Amino acid sequence: MKRSLNDYRKIVGDEAIGKIYHKARKVYGKTVVHVNSTYYGGGVAEILSGLVPLMNDIGIAAGWRMLRGTPDFFDITKKFHNALQGNSINLSEMKKKLYVQANEDFSTYSHITHNCVIIHDPQPLPLIQYYPRKQPWVWRIHIDLSNPNEELWEFLKNFILKYDIIVISSDDYRLKDTPVDQRVIHPAIDPLSAKNMHIPEKVVAKYLKKFNIPTDKPIITQISRFDKFKDQEGLIDIFRMVKEHVDCRLVLCGSSALDDPESQQYYERTKRKANNFIKDRDVIMITSENNILVNALQRKSDVIVQKSLREGFGLTVTEALLKEKPVIASKVGGITLQIQDQENGFLLEPTDKEGFARRIVEVLKDPSLAKSLGVKAGATAKEKFLITRLLADYLDLLGDLIG
Ligand code: UDP
């Protein structure tokens, strides 16, 4: 259903809404295009599906295009993604060529005449060199760039240096060796989307039943693409320790994104590792893409875990905070912007599996602790990480660039 900014009045209040309308005046009628490479399965698609319609609602002509890539293109860009998060890469000439070529091909039939172009993540980064410069180009990079592979970074800088501004998710990701303006914008979630809106208990129950998730034991959940950086395998080890103290169930929900060719392999590996638990239905692995299911699962879970090794921001954490859940997560990347240890959740070093297990057991055994963490969690999400704040930040950016 089409949403309009006024629908958020009840959630954020008239003052915040009024400010957004005010900021929008500077950019009425301007045309903006967002470009990314998938329409589902990850944080970027999630943000754009909420943000782009709202931009239109307040008077910006905002479009959203998807770079089309072949499977080998996405193989390469997934390797880039991993290398930008610190992995090594064999950066062959062939890889560089295929990467750039897909962008050149897309540019031949994708005319860009907008007042501002916003490129999301590395996949469409080279597009900038196939258009005459007529407007500001923004590179909105959503991942943790604090430790990129040097060789790849050198190569990507050929494109990055051409951008007018880079938008990063955290001050910790500021690029010291890159003389391009940089601005921090924290991501956000849409409280009215199917994934986050309030749903009655009977809908929650219906969805859990539909996906065959029994509710006779406490539920621990992690919702993430199957990906080594999300470390579902590590979570199985943790679950094994938790099971020694509390009889519970682990749900791993993770559809794969179009632009993520590695995830099938990782899924199979995790499944083998959880084999015995899966037979007993104590570990349940789900690969359907279903927003209401994610919503229902987050609401029904007793604990939400995010065991990532790296995390650009971690919208799944925000989604769980908004639903007033106790979240136990790795002290990495953007998660540290959202959780303050022992205040509105628990943070642990990703290597500290025992620590994770201890905290999970603690929360499962103490409902009042779960409740008090959850209440503070909800307040954090509402105060800092809703889409209305994100929209306001984008309006400031656009106001500065094209206002
Ligand atoms: N997501 C989903 N279904 C899944 C796995 C993930 O809808 O099976 C969503 C999740 O709810 C969140 C987004 O994908 O909105 C993931 O964003 P996040 O920032 O946590 O991680 P990313 O995938 O971008 O690394």
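Read the numbers this way: they start at 1 and go in the same order the structure lists the ligands and their atoms. Keep in mind it's a predicted model, so treat the numbers as computed, not measured. Throughout, residue positions are numbered sequentially from 1 according to the sequence presented.
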- Identified side-chain contact (heavy atoms from CB on, under 4.5 Å) counterpart of Val117 within the set Val33, Val138, Asp164, Leu127: Val33
- Examine the side chains of Gln232 and Thr270 and answer whether a donor and an acceptor come within less than 3.5 Å of each other. no
- Query: Using a distance-only test with no angle check, is there a side-chain donor-acceptor pair under 3.5 angstrom linking Asp105 and Tyr130?
  - Reply: no
- Determine yes or no for a side-chain-to-main-chain donor-acceptor pair under 3.5 angstrom, with Gln338 supplying the side chain and Thr318 the backbone. yes
- Item | salt_bridge(Lys243, Asp282) N-O dist < 4.0 Å | yes
- Query: With sequence neighbours left out, what residues match Asp400 under salt bridge (Lys or Arg N to Asp or Glu O under 4.0 Å)?
  - Reply: Arg183
- Let me know which protein residues bring a heavy atom to under 4.0 Å of ligand 1; chain then number is fine for ordering. Gly42, Gly43, Glu46, Lys195, Ile223, Ser224, Arg225, Lys230, Cys253, Gly254, Ser255, Glu289, Val294, Glu311, Gly314, Leu315, Thr316, Glu319
